[in-house]
Amino acid sequence: MRAGVLALQGDVPEHLAATGRLAGAGTPRAVRTPTDLAEVDALFLPGGESTTIARLLSESGLWKPLARRLADGLPVLATCAGLILLARRLTPSPSGPNPPTFGTLDVTVRRNDYGSQRESFEGAVDVDGLPGEPFPGVFIRAPRILEVGREATVLARRGDEVVGVRQGSVWGLTFHPELAGDPRLHGRFLAEARAAVERRAADARPQ
Ligand code: GLN
């Protein structure tokens, strides 16, 4: 199982470090080209500036191959700007034009909905099925999930608010687990991704 981190802009080193620290995860690959993408079985879509990442995805020739991999069930953990890029619906944001999106996750999202950089905050997050303490959520100019459609399932909440969803093997979080110093979400995502990849390989084998 090879994990990759989309490495065009944003908190790429933090995702590479968080994944690299996990026992048995191997060295994650920085994905910058369609060839890199073809060589990974699971992908982290980092936070950063969603409009910039969208532009760089087109310029690098990655947009179409990534759309195909998403349609084909690639396991993805998308954080913050990554979640914005996977959302099916974006509402207008006061902070300027929205990027184009892949439309994978059945959610409605508004960018920068908690305010500016100064309104960034940390807070406890309850993650479905995660044993132990609440997860330390780091929210940086975070998007807000305004609505969860029927195809998506709530994965994480902060109080009454939804801060994470999943749809099959694709997870979208408004916060940054790569900055939390807590490996549980990266670890669980990769364990599930590995199981999904092995199931597919077994299904593809001739009987
Ligand atoms: N505000 C950023 C955007 O709209 C997302 C913030 C982040 O990824 N930390 O792209």
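The figures here come from the full heavy-atom set of this structure, side chains too, leaving out hydrogens, waters and symmetry mates.
Between L6 and L62 the shortest side-chain heavy-atom distance falls below 4.5 Å.
One N or O on the side chain of T101 and one on the backbone of A87 form a donor-acceptor pair closer than 3.5 Å. Looking only at distances, a side-chain donor or acceptor of R69 sits under 3.5 Å from a matching main-chain atom of V40. Not a single donor-acceptor pair under 3.5 Å links the side chain of R111 to the backbone N or O of S93. Between the T19 side chain and the L16 main chain, no donor and acceptor come within less than 3.5 Å of each other.
Of the inter-residue distances, the one linking L57 atom CG with Q9 atom CD reads 10.5 Å to the nearest 0.5 angstrom. The distance from the CZ atom of F189 to the CG atom of L173 is 10.0 Å, given to the nearest 0.5 Å.
Closest heavy-atom contact between L130 and R188: N-NH1, 3.9 Å.
Aromatic ring orientation, F175 versus F139: tilted (interplanar angle from 30° to 60°). Classified by interplanar angle (parallel below 30°, tilted 30° to 60°, perpendicular above 60°), the ring pair H15/H186 is tilted.
Enclosure of atom CD in E133 is not indicated, since only 12 or fewer non-hydrogen atoms of other residues, nucleotides or ligands lie within 6.0 angstrom.
Taking the side chain to side chain contact (heavy atoms under 4.5 Å, CB included) definition, one finds that R200 meets it with D72, sequence neighbours left out.
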